[in-house]
Each structure stands twice: as C-alpha cells, then as structure tokens.
Amino acid sequence: MKSKYQEKKMWRSVESKDRAKYENKWDDKSQEFSGTVQELIDKGIGYKLDRKKFLGIMGASIGMAGLKCSREPVEKIMPYLVRAPEAQPGIAAYYATALTSSRGVVPVLVKTREGKPIKIDGHDDHPINQGAMTADAFSSIWDLYDPDRLKSSKIKKGDKHVDISTADAIIQANEVINGGQTIRILSRQSFSPADKSVINGFLRSKPQAKQIVYDFSGTMQSYVEAQRKSYGKSIIPQYRFDKAELILSIEGDFLGTWISPEVNTKRYSNLRSPDKKMNRLIVAESMMSLTGANADDRMPINSGTHVALALGLANLLLPFSVYAGNGAILAAVRDYTPEKTSEITGLNIDKIKGLADELKKYAGNSIVVGGGVSSRSEISGELEIVINLLNSILGNDGSTILSDVPAADLDSLAGNFELNNLIQEMNNGKVDVLILDRVNPVFDLPADSGVLEALSKVKNVISLSYFMDESTVKSNIVIALSHSFESWNDAYTTGVYTIAQPVLRTLFDTLSPGDAWLHLQGSNMSYYQFIKANSAPSYLSGNFAKLWDQTLADGYFVSRKTSGYSGARGFNANALAGVGKTQKDASGFTLSLYESIQIGDGQGGNNAFRHELPDPITKIVWENFVAVSTEDAKSNGWRMGDILSLKNGEKEVHIPLYVQPGIPKGSVAIAIGYGHDELGNIAKGLGVNALKLAKFSSTGTKYTGILVSVQKVKGGYELATTQRHHEMEGRALVRYAELKDYKKDKRAGNHEHKLEGKGLYPLQNYALETNSDVYKWGMTIDLSKCTGCSACVMSCYSENNIPVTGKSEVWRGREMSWLRIDRYYEGEPSNPSTHFAPVMCQHCENAPCENVCPVGATSHSSEGLNDMTYNRCVGTRYCSDNCPFKVRRFNWFENQYGKLKDPMQMSLNPDVTVRGRGVIEKCSFCVQRINEQRQMAKNDGHKINEDDLKTACQQGCPSNAITFGDLGDKTKTVAQLAATERSYRMLEEVNVKPRVNYLTRIMNKG
Amino acid sequence: MKSKLLKIGIPVVLISGFIWVMMGYPPNPRVGYAPIQPIQYSHKVHAGKYNMDCQYCHTGVTMGKKAAVPSLNICFNCHEIVGDNVDTGDKKTDAFYTGEIKKLRKYWEDNKVPEWIRIHNLPDHVRFSHQPHIHALLKPGQATKEACKPCHGDIATMEVVEQVKPLNMGFCISCHRENKALGARVDCSTCHY
C-alpha cells in the first residue's frame, strides 16, 4: 500500500501540472526531448542546412583540422626575484579578511595561488558567521576580476571622460574641493569604524562640508528608523534564530535578502534537526520569497497589506501583555479587528486567530521578523515598528532579540527627508561640490526623486567609484576605487572587530576608498597606518602590537560578547503615530518590488555569474519579470512569454510575465536591481528597472502596494529558465513528512524500493570489500536543512572553473552548472508547498554513463568516484543521454579559452582543468581536494580527517545541509547520517546505487 | 590517360604520405629536448662537482605540486661572493661561465628574472604533484637526487639538462602499477580532473 506521502504529486511549474491548458511551448516534455532535427530548425536554431552545404562544411572542417596541427608551444618559467617564505609556487595560501560592502560584513578566507585570489571561503572559526556565506559573497571574486571595472581615474572634458592617472585625479579633486563653498558628501552606510573616522576627519577640516549617508535598498534604513522610533536607538540588534522555536516572518525574506541572511540561515538551520529540536516557520507574504518557500506554513497576503496583518495580530495579543493598559497602543491597534484584518489581507479569520494563539503559546521564545524592500511604504519603517511592538508584547525583545551587543550601530543613516533636502539644495544650485562616495543615486533612487536633474545642476561632481555607473557618468572627476580584496579596511559588527587585509596588489591604477579619503584631505598617511593608529586601538585593548598581529592572522577579535539575555526595552507608543493608514484598494493590481537573491540591490549587476545563477524560486536567469498569480493569468488569458505593460499614472514599464504559484490574486511583483543603463557591458540593458514605478516622498519610498494597471502588450517572448528541462517524470525524488508523523514513524515519508531482478547492470566490485583502507566517498544532503539559497552553486562555479553560457544557451538547456537545485511545488497553485533538492553527479556505483562511453572517458575509481577524463572525451554525449539524473553537462562551444577577457582568467582554479569545446563535464566530488588531502594525510601516516576535507558545496552551505566523507568508516558523520531512517537515494529502483544520500525533509506543520 | 594517372597517383601519394608520417614521427618528440636557457646554468657543476642537494634550490619538492625553479635570492646566497674567478682548468670554459655569472648578476641588478624554458612539461590535462612521488621514492639518509632519477635521469651529470624519459601516460602507468604497494593508484582521477 502506498503511504499518504507517496500519493502526493510534486510538480515543477504550472504548465507541467496542467499540461492541457497551456500551449506546447512551455510544456516541459516537448522542450526537453525534441522530436526531430527539422523541429529544432523550425524552432529557430537559425541555420538552414541542406545536403550540399553540410558536405561543404564537413570538408572544410577536415581541412581546418589539419591546419590546426602545430609544434608543442615553448613554455617559460618565471621564478620569483626574492621569494617570500610563504609564497611557495603550487601551494595555496589562505588569508583571513572580510568582504565589506554596504550590505554588511562577511568574514572570509581567501584562497590565493601564486598571489592571485581564486576562491572565497567562509571563515569557519569566526564566532558570529561560523563560515556562513551567500551566493552573492561567493560571486564577488569575479567582481575583483571584472574587465569592466574602472582601470584608471577619469576626468570630464567636454562631453567625454578621458583617462588620467589616479594621482592626478586626486590633485584635480583637491583643487575643486578647496574652491568649494558648500560641499556635500553622499555616502553609503559603512560598518567600518576607520571608514567613518576618515570621513569625519575630512568633515572637520572642511566646515563647509556635510555628509549624508543612505542605504541603497532602504532595508537597513527603514529598519533602524523603526528601532529609533520604538526604542530610542538606531541599532540593529542580534536576531537569535537559533533560540526561537517559532518564527513568524511578515513580508520579510530573512533567509534570502534581509539583513545578513547568511548568519540568519546558519542560526535558523541549527533548529532544523528533527531528532533534536525543530523550530516552526510561518511566513505571511505577497511574493514567493526564499523564506516563504521554506515555510512550514505559508500565508499569501495581498501586496501592501502586511502592516494591517501585524496590527491585527497586535490587537489580538495586546490584552495578554504588559502593554495591555497602554492607551496609545490600544488606540493604534483597536481598529484592526480580525474581521477587518481578514478583509484587508485576504487571510481567513481563523488563520489570523490561530496565528495569534500560536504566538501567545511561544511568547518569549519566538521571533517576529519582517521588513526589506518588499515592505517599504510611504512611512519609512512602518512595518518594522509594528513588528517591534509585537516582539515587545510577546517578550521576545531581550530574550531572542538581543540589543546588549548590537549587530550594528547605524545612527548616521539618513532617511528620505535628508535625501529630499539634499536634492532640493542641489536643484537650487546651492551645492558647489558633490562627492559621491561609492553610491549610485541615479540608479538606486526612484526616478521621481529628481536626482538625475538635480545632479546636472551641481557644478562639480566628484565620484569615488568602482564602475562607470549611472551617476559616475554624470561626474566631472571620477576616482577609480580598488576592490575590497585590494584594500585595507576594518569592520565592527556584533561586538567583533575585523581587519580586512588586502590579498593582492591593486590590479589597476586604483586607490582604496580609505586612501582616497585621506588623499582628499591632503594627508600623506596611508590608510593602513590610519587604521592602526586611529581605529584599531579602541577595539584591541591590551598589548596592541601583539593583538594587531593576532587579529590580522585570525581575521577577527571578540571585543564584546553578549550575555545571551539583554532585558526587554520599553516600547515607545509614539512610534505608532500614522502607522497603518495605507489600505488595499479593491480594484486593480497592486505591485510589490523585491530584491532577488542573485542581484539584490543591483550593485553587483555586472557580474555574469550572478545572472547565470537561477533564481531559487522561479529558476529564471539573466533578467527580471513580473510575477503574476495563476488565477490572474487564467482569468486574463495571459501566459508565459507575454509582455505586460504596468502603468502607474504616467510611469510605465514593459516586462515579461511569469506565472508564479503562491501569489495572491491581484498582486504582482517585480525584482529591483535590473535594467542598468550603464555600469558595464553585462549589466547594461539586462532586465527592466522597476524602480521607475516606485514612489519617492520625503517620508519614505513606496516599494509595495503600488496601484498599477496591467495590460498585455504582446506575446512570444522567451524567458530562460532551468526548470523546464531536467524533467524527472514524477517520481518521488524529493520526500517529506510532517513532524508529527515522523515522531511516530522514523521512516515517515520515506519508502524503499524492491529491486525487480538484478537491475540494469551487474554490481561493481569494490576493493572496499577486501580492503578497509580504501575510502568510500559519499555524501548526504539533509533536505530539512537545505533552504535553496544557492550558495553551494556559486561555490561550485568558483572552485571548478565552470563557465557562464548566457541566456540563449540556458534557454536551450545548455547551462554548465555542475550542481543544480531542483525546486518542486506540491499542492494547489494558489499556495503550494515548495521543496528544494540540490542535485549533482550522484556517483552511482552502477553508473549507467560508464557503460555507454565508447572511448572510456568516464570510469569508476577504486574509491567509488565516477571519474571524468576530459582529454579522452570525444563528445558523443552518450553518457549524458544515459544519465538518469541529467547532471552531465556538455560544452557546446568554447566557453573559456579565448573567451575570458583580461583579467578574468586570473580567477581560474589552477588545480582544475579548463574544459574545451566538445567535452562533457560534471561534478567530481571536488576530486582535486580529495587528492590533495589524501597525499597530505598519507605523508603524515594517517587517514584523512573529516574536517580537513570538504567539498566546495559543503563548505559553501550556510545551513550545514551537505556532509561529505568516507561512507565506509562508521565513525564518520556522513556514514552515520546515511544510515538513519530518513536516508534515501534517488532512483534506487533502477539499481544505479547512488553515493549521494538524501535525508527526508521533515516539516513542522501546525 | 589522365584518369589513369589520377587513379594510381592519388593512392600512391596518400599511402606514401601515411608511411612517411608513421615512420618519420619520432617515438616521443620530447625525449632529448635540451633547449638553450637564458643563462647556461650547469647542473653538472652545482649538483655534480659541488654535490649540492637538489632541495637547496628546488624548495617545493616535498611540500607541493611544484618543485619550483629557485628565486634569484637563492643564487645570491653563494654568488654574492662566488663566481668571479671560475677555475675549471680550461680557459675557454672559465671565460664562458664567468660570462654566464655576469649575466645572472645583471638580472639581479636590473631587478629582473630570467625566463627559463620549461623542459619537463606535462600536458595541461595532467595533474602532477611532486610531493607524493618524493615521499614515496626518497629513502631516509639518501641524497634527494636518487629520488629524482627515475623520471629526470642523472641530472648531476648533465651540462645542459635534457629530458631523458618520455613522461607519457604509459611511462606513468607502468610505474604506478609496479608500486601499488606504496599506494600508487591507477584510477583516471589520479592524474586527470
């Protein structure tokens, strides 16, 4: 008999669920397995080939092949002139440093070979991050080697920018600054004390100068504004998701794009072990976010009504709290009865009441969280204020939300009011010199802020920038900046002081931001000296010289530690003034803007790897789209591939449509960060800039609940997605069970397959059976912990020299990713459950690919690895055809050799072959790491330690979902996990015997 | 007439071309490769006459993938003072080597490095690491050169270094097969990944 879980059908897209209703075009099967060559030609391969032409081309190829033969090239060896003791060619050196940006600080270890950084890894010893990384942080290695980076400073002559040396640009800038009557500095928020004090030094020396710090996406700005209004201080407290048994997220993507998602994921996943403690995640949101996809229970609410839901919950919970007698709070929440809240948000009354009951049950032991781009309304921090109230009511503030050692202190962050003032000042011609310090207001601020026109009224604009972005092209003097890895910096977050050291000398004629600011105030000091003298001593108390060296080597210094309980702060009821006035308009569509996992606020938009990374939810690459609910698509007759026009008054955008399950009727959503006009060759013109539709005012920027009229413009557009190929024919590849069932039966949701007959092939004979010294490599992936964040995918790209192919190739199913994350929906399209499964080469013991290779290019190693020998491969693609998991990728074109623009080639890992055209490639279980560790362990006379050998994906996983190691050794974690009742292998029924074990996902449904 | 000429001529040309390629193609074009280096450094003098250990210069050989060509500061551990008067007994040779040492000093003074021509060069799809080989071959108390010999030949006797072993896949595999007891593996991923 089949269990209840086996009966459930999982589906990957609305089209595959409901094939009859949709055109063939997006029907998965017809796309993946095309019928004939003629069909392909009709579909637009674009080249009509008749017999004569075919013979002609073949003849030419044979001729060309002969011409290609040449003598082996002479290779040169360049020794060091004077070799530093740690610079041994061929041996990687790791440096502890940090990625510092406006989004936060990520402590990292940078792997360098022959002086070039080639891979970023998480810093496992760091007390806060514990090695947690995001896909975005992994891809920043390619920001360093971006060929479109500013290679020298520039100065505007007439209409054009001409190159000048950075030293000259500083001299020019100093002249301009010294002649300026009013100087304004527009900066981004920084977590570096040295950064702050160097600009403060500038401000002290120039009394006519004023600094305005703003936040690109507004996530932190609206957050700290709410904190200030509610509790008096502009801080970001620590969110201890590792202590909260119930998490309610209202329109907040804390696992994906909210403040430090990597730390949140690490802490959240600590409580996702069904055998120990399981937390429960409830998400109420209008767009399907990564957090929503991971929810145990997800409640779709109408776009722009999140504040009403929070107020409705506060209304229900208030009588049971210490704030029960507070008249001001009562007045603010009283109107939001369950009935009214239900009417506004579109949620069932019982659901709202049930939610309040559950929160009450976990009072003091839960976290309510929300905010970010998709919740920004006219009143900055509106949602966050009500959420603060909820946390105060529940007593979470002080117990799971710790303010004694805040994650960050951002008291200087300006809101829209200050920005608006600056724009007015600029418009009135009152600003002589405007210094843009690593900001791009023309792109970040909605067009109706008028910043573009205001910029043209400023006589002298000096831009400190990494790229020629939308604002920098309007500047008179451009000072080229160095990447984070080329500069000294420091950071102070969560009581931990970090020194970010450079890992290579500047590639181009650039200056680090700190050095640029020192030069701009006429100082000859280097920023390194400045940090050492002015910033570090306040954090490194004691023997400074020793502590400095130690901090530099370790990468961090714990200066303050949280006690674990900070005590509840008093909630200021005045904060609620004006909150909750926005209402859902009954007619028309409401639009929410959100940040995508890959691109975020768009700063890193010129990185091809970020664009090639499929969106975790939609699996769409290389552009943004408008996500529409299934009901709306059906009732309006829209289908995938239509271009919609979204109109908000005069403002209009044209954008392709994507039908997204889980969005409530009447809500639509678009990702920001796309549609650059400048920045670089890759970013330019990719996607649509949705910020056009946002509304800027002096109280806040409205990113959500924007009323739009939606019309179909035309059809026939193709979005490239990785989800319509890799059809798995409806087998139970992703298994899950509810916690209550799991507690009764450890094998709930899991099932075994009886093998009929012997299976496809005779079993491989392993040396293992006779020799216990031989490793038996294998992996486990805990689907309970995997959040689908895709950090592993980017880590794999970086480690294994995987090329980017571009939109048109992904559209043909030719992306090169060795590790993909399959996303399945289950249930009704209006609010489905979402499941993720990372799939890489399963290293089958009975690998079907090995039997069909005519040249023996893929074979089995004695340790159970499915080896791929590139130099043997002739490109028949039989193995790829025969692979049941479709993990073998084929190089249809020369993707790397001769294609990488200088200095992109420096990012390649010299330990992994760069594959050429016509070769199959696939996951190798990071065999280069295995070999290196095996040799080292052998020299020392022992077997490989578990901690020494980690695959790139395992290292990249912030939630510890991936474990790798020796399955033959029962003392190893991987072997123990693989032996649990939750463990299963994909397609066991065909007897391929995969070495990758999946652990059934356990969901804590209510 | 014309067609008959073609009928016989084409196969003759093709077959003789084929034979020429098969016969004329050296068994391994690399064996015997001994290019002239920018500085004609003599291993015979250093490793032979003065019996210096290989690892004095090739510092990475026990640690990692690359044995590493020494950085110039290693040369100047000795050549700071040594080498003004080379005395081999043959005036012509003396003059030659004094000249070569002058070249070296010129590089050092100009802050430049010589671009050595790589002799033992494996194809790019082969991953070779010196470290496990040296660990397996070097017996305690031995001079390092004994461990280098199986692949590099007796470098200490070479005036100009040349490749003596084919260093092709057959060469690697046969040795790996013989030394399975030492832990040598013959999986594809031993070298190709």
Side-chain angles (χ1 to χ4, degrees), chain A residues 71-85 87-92 113-114 767 773-774 800 856-873 897 910-916 919 921 924-932 934-936 938-940, chain B residues 21 29-30 33 35 37-38 57-76 107-108 110-136 169 180 182-193:
Chain A
R71 281 278 146 204
E72 232 179 302
V74 173
E75 276 185 31
K76 301 280 175 69
I77 303 176
M78 304 275 283
Y80 284 101
L81 191 63
V82 178
R83 182 172 69 83
Q88 180 65 52
I91 294 177
R113 271 288 298 270
E114 282 84 51
D773 280 348
V774 177
N800 291 308
T858 183
S859 54
H860 224 75
S861 90
S862 54
E863 297 175 346
L865 295 179
N866 177 237
D867 289 348
M868 180 68 219
T869 315
Y870 308 120
N871 42 309
R872 281 211 145 198
C873 179
Y897 185 73
D911 290 340
V912 178
T913 306
V914 174
R915 285 79 59 184
V919 169
E921 58 185 71
S924 65
F925 268 171
C926 286
V927 65
Q928 66 278 9
R929 295 185 177 203
I930 298 177
N931 281 358
E932 196 175 341
R934 187 200 294 107
Q935 286 159 10
M936 299 224 284
K938 209 175 118 195
N939 294 345
D940 300 343
Chain B
V21 166
R30 279 259 163 203
Y33 183 52
Q37 301 287 0
C57 299
H58 300 291
T59 51
V61 80
T62 56
M63 292 188 280
K65 298 167 185 79
K66 294 180 179 169
V69 169
S71 53
L72 286 203
N73 61 326
I74 293 183
C75 308
F76 281 87
Y107 275 112
W108 183 247
D110 295 350
N111 273 349
K112 279 187 183 143
V113 290
E115 293 184 18
W116 303 104
I117 296 166
R118 193 164 178 173
I119 302 166
H120 302 94
N121 188 12
L122 298 177
D124 288 350
H125 52 257
V126 179
R127 314 266 137 205
F128 175 82
S129 176
H130 273 96
Q131 175 228 90
H133 294 91
I134 289 292
H135 276 271
M169 188 162 145
K180 271 191 176 163
L182 287 173
R185 297 162 64 246
V186 288
D187 296 328
C188 299
S189 60
T190 312
C191 309
H192 304 296
Y193 46 86

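All values derive from a computational prediction rather than experimental measurement. Reminder, nothing fancy here: chain letters follow the sequence lines and each chain counts from 1.
Of the two parts of B:Pro70, only the backbone, made up of N, CA, C and O, holds a non-hydrogen atom closer than 4.5 Å to a non-hydrogen atom of chain A. Of the two parts of B:Thr59, the backbone and the side chain both hold a non-hydrogen atom closer than 4.5 Å to a non-hydrogen atom of chain A. Contacts between A:Leu81 and chain B at a heavy-atom distance below 4.5 Å involve backbone atoms as well as side-chain atoms. Contact annotation for A:Ser924: neither backbone nor side-chain heavy atoms come within less than 4.5 Å of a heavy atom of chain B. Looking at A:Arg915, there are no atoms closer than 4.5 Å to chain B (heavy atoms on both sides), in backbone or side chain. Only the backbone of B:Leu182 has a heavy atom closer than 4.5 Å to any heavy atom of chain A. Contacts of B:Ser189 with chain A are made by both backbone and side-chain atoms, with heavy-atom separations under 4.5 Å. Looking at A:Gln88, the atoms closer than 4.5 Å to chain B (heavy atoms on both sides) all sit in the side chain, from C-beta outward.
Between the side chains of B:Asp187 and A:Ser862, at least one donor N or O lies within less than 3.5 Å of an accepting N or O.
Going from atom CD of A:Glu932 over to atom CG of A:Asp911 covers 6.0 Å, rounded to the nearest 0.5 Å. Taking CZ of A:Arg934 as the start and CE of A:Met936 as the end, the distance is 12.5 Å to the nearest 0.5 Å.
With chain A as partner, the option from B:Ala67, B:Cys191, B:Pro132, B:Gly183 having the largest number of non-hydrogen pairs under 4.5 angstrom is B:Pro132. Note on B:Gln131, B:Arg127, B:His135: by heavy-atom pairs under 4.5 Å with chain A, the leading option is B:Arg127. For the set B:Met63, B:His130, B:His125, the count of heavy-atom pairs under 4.5 angstrom toward chain A peaks at B:His125. Taking chain B as the reference chain and counting heavy-atom pairs below 4.5 Å, the highest number among A:Val912, A:Ile930, A:Val74, A:Val914 is found for A:Val912. Chain B forms the most heavy-atom pairs under 4.5 Å with one residue out of A:Lys938, A:Arg83, A:Glu921, A:Met868, and that residue is A:Arg83.
Within a 6.0 Å radius of CG in B:Asp124, no more than 12 heavy atoms belonging to other residues, nucleotides or ligands are found. At most 12 non-hydrogen atoms from other residues, nucleotides or ligands lie less than 6.0 angstrom from CZ of A:Arg872.
Side-chain contact between B:Phe76 and A:Val82: absent, with no pair of heavy atoms (C-beta onward) separated by less than 4.5 Å. Two residues are said to be in side-chain contact when any heavy atoms from C-beta on lie closer than 4.5 Å; A:Asn871 and A:Thr913 fail this criterion. In this structure, the side chains of B:Ile117 and A:Lys76 come closer than 4.5 Å at one or more pairs of heavy atoms.
Listed for the A:Thr858 side chain is a donor-acceptor partner under 3.5 Å among the backbone atoms of A:Asp867.
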